[in-house]
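The next block holds one structure in the form of structure tokens; read it before the comments.
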Amino acid sequence: MDLPLDQASIDAIASTARNINDSASSHSSSFDLATLILSPPSRPTPPPDTVHYLTRLARAAHADALAMSCSSLLAGQGSESDDTGDVALWLGSGDFASPDLVLAVLGLLDWAAAREVKPFPPPNGPQIDALLGQLHDVLSFRVSPAMTGGMVMFFLVGRLSSGGWGGLAGIGTWS
């Protein structure tokens with residue numbers, strides 16, 4: 001079900017893309033507001049079926065987050081902020097089966113230099129469950145620049161049947 005997103009929801013998803021770009025050291029990823037997809041620079045545009053899947057994934061995450069009374073399904077109800085949402089993520093072809101590979105392609109290795117990386121269980125919800133089943137070799141992790149609280153980035157990525165890697169990115173805030 002692809003319900004239209006209100007402006008506050010679009011702004012929350014765009015805020016996540018902006019925060020990821022602001023944290024990147026070497027380059028900015030591109031964010032397509034129409035599809036809700038964040039892509040590292042110099043990556044080819046995903047095929048149309050992948051664009052459709054990733055857009056549906058971001059919308060499903062948003063719907064399930066709202067049902068849980070939070071803005072990010074990945075960050076969950078524990079986040080102290082509701083001004084970010086989960087953005088679709090297109091990494092492209094290659095191997096992204098480790099947190100360092102995902103962080104590197106997004107230019108986040110410097111931001112996370114003194115990082116704490118921890119796995120987290122993939123979220124579930126009535127809208128997102130079937131879509132997550134289409135990802136293979138799923139990797140889900142959260143990363144913060146240090147163990148001091150503040151902004152925490154969440155990533156859930158996997159290999160798509162249509163080729164390439166994609167998934168979701170979210171941001172939570174803890175003090």
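What you see is a predicted model; the values in this text were computed from it and never measured.
A donor-acceptor pair under 3.5 Å is absent between the side-chain atoms of S71 and the main chain of G85, judged by distance alone. A donor-acceptor pair under 3.5 Å is formed between the side chain of S140 and the backbone N or O of F120. Panel note: side chain R43, backbone S93; a donor-acceptor pair is recorded below 3.5 Å. With T35 contributing its side chain and V51 its backbone, the two residues share no donor-acceptor pair below 3.5 Å. Between the side chain of S15 and the main chain of D11, no donor-acceptor pair closer than 3.5 Å is present. W165 places a side-chain N or O within 3.5 Å of a backbone atom of G94 that can act as its donor or acceptor partner. Here the side chain of D86 pairs a donor or acceptor atom with the backbone of L73 at under 3.5 angstrom.
Not a single side-chain hydrogen bond (donor to acceptor under 3.5 Å, both in side chains) links R142 to another residue, sequence neighbours left out. Legend: residues meeting side-chain hydrogen bond (donor to acceptor under 3.5 Å, both in side chains) with N124, ordered by chain and number and at least two apart, are absent. Residues passing the side-chain hydrogen bond (donor to acceptor under 3.5 Å, both in side chains) test with D129: none are found, sequence neighbours excluded. Annotation: side-chain hydrogen bond (donor to acceptor under 3.5 Å, both in side chains) contacts of D22 (sequence neighbours excluded): none. In this structure, D49 has no salt bridge (Lys or Arg N to Asp or Glu O under 4.0 Å) partners at least two apart in sequence or on a different chain. Scored by the salt bridge (Lys or Arg N to Asp or Glu O under 4.0 Å) test, D83 finds no partners at all (sequence neighbours excluded).
In terms of heavy-atom proximity, G170 sits nearest to S72 at CA-OG, 4.2 Å. Closest non-hydrogen pair, G167 versus L54, comes out as N-CD2, 3.8 Å. Nearest heavy-atom pair across G163 and W90 is O-CH2, 3.6 Å. Minimum heavy-atom separation, L5 to R59: CG-NH1, 3.7 Å. Pairing each heavy atom of F31 with each of V87, the nearest pair is CE1-CG2, 3.4 Å. Minimum heavy-atom separation, L106 to S29: CD2-OG, 3.8 Å.
Atom CD of Q134 and atom OG of S161 lie 6.5 Å apart (nearest 0.5 Å). The distance from atom CG of L74 to atom OG1 of T16, rounded to the nearest 0.5 Å, is 9.0 Å. Rounding to the nearest 0.5 Å gives a distance of 6.5 Å between CE of M153 and CG of N19. Note that CG of L38 and CG of L91 are 9.0 Å apart. Values are rounded to the nearest 0.5 Å. Here the CD1 atom belonging to I37 is positioned 4.0 Å from the OG1 atom belonging to T55, to the nearest 0.5 angstrom. In this structure, CZ on F154 lies 10.0 Å from CD1 on I171, to the nearest 0.5 angstrom.
No hydrogens or angles considered: a donor-acceptor pair under 3.5 Å links the side chains of S9 and D6. Looking only at atom types and distance, the side chain of S162 has a donor-acceptor partner in the side chain of T50 under 3.5 Å away.
Contact annotation: the side chain of L156 approaches that of L135 to within less than 4.5 Å [non-hydrogen atoms, C-beta and beyond]. Looking at V157 and V138, their side chains never come closer than 4.5 Å, going by heavy atoms from C-beta outward. Two residues are said to be in side-chain contact when any heavy atoms from C-beta on lie closer than 4.5 Å; L103 and W111 fail this criterion. Y53 is listed as a side-chain neighbour of L131, based on a closest heavy-atom distance under 4.5 Å.
L66 and L132 fall into different hydrophobic clusters, defined by Ile, Leu, Val, Met, Phe, Trp and Tyr side-chain heavy atoms under 4.5 Å apart, directly or through other members. Linking ILVMFWY side-chain heavy atoms closer than 4.5 Å, directly or via other members, places V143 and L101 in a single hydrophobic cluster.
The side-chain contact (heavy atoms from CB on, under 4.5 Å) test with D64 is passed by exactly one of P126, P123, C70: P126.
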Next item on the list: Check the pair I20 / L89 against side chain to side chain contact (heavy atoms under 4.5 Å, CB included), numbers first and verdict last.
Entry: CA-CA 11 Å; I20 290 172; L89 189 61; 5.8 Å; no
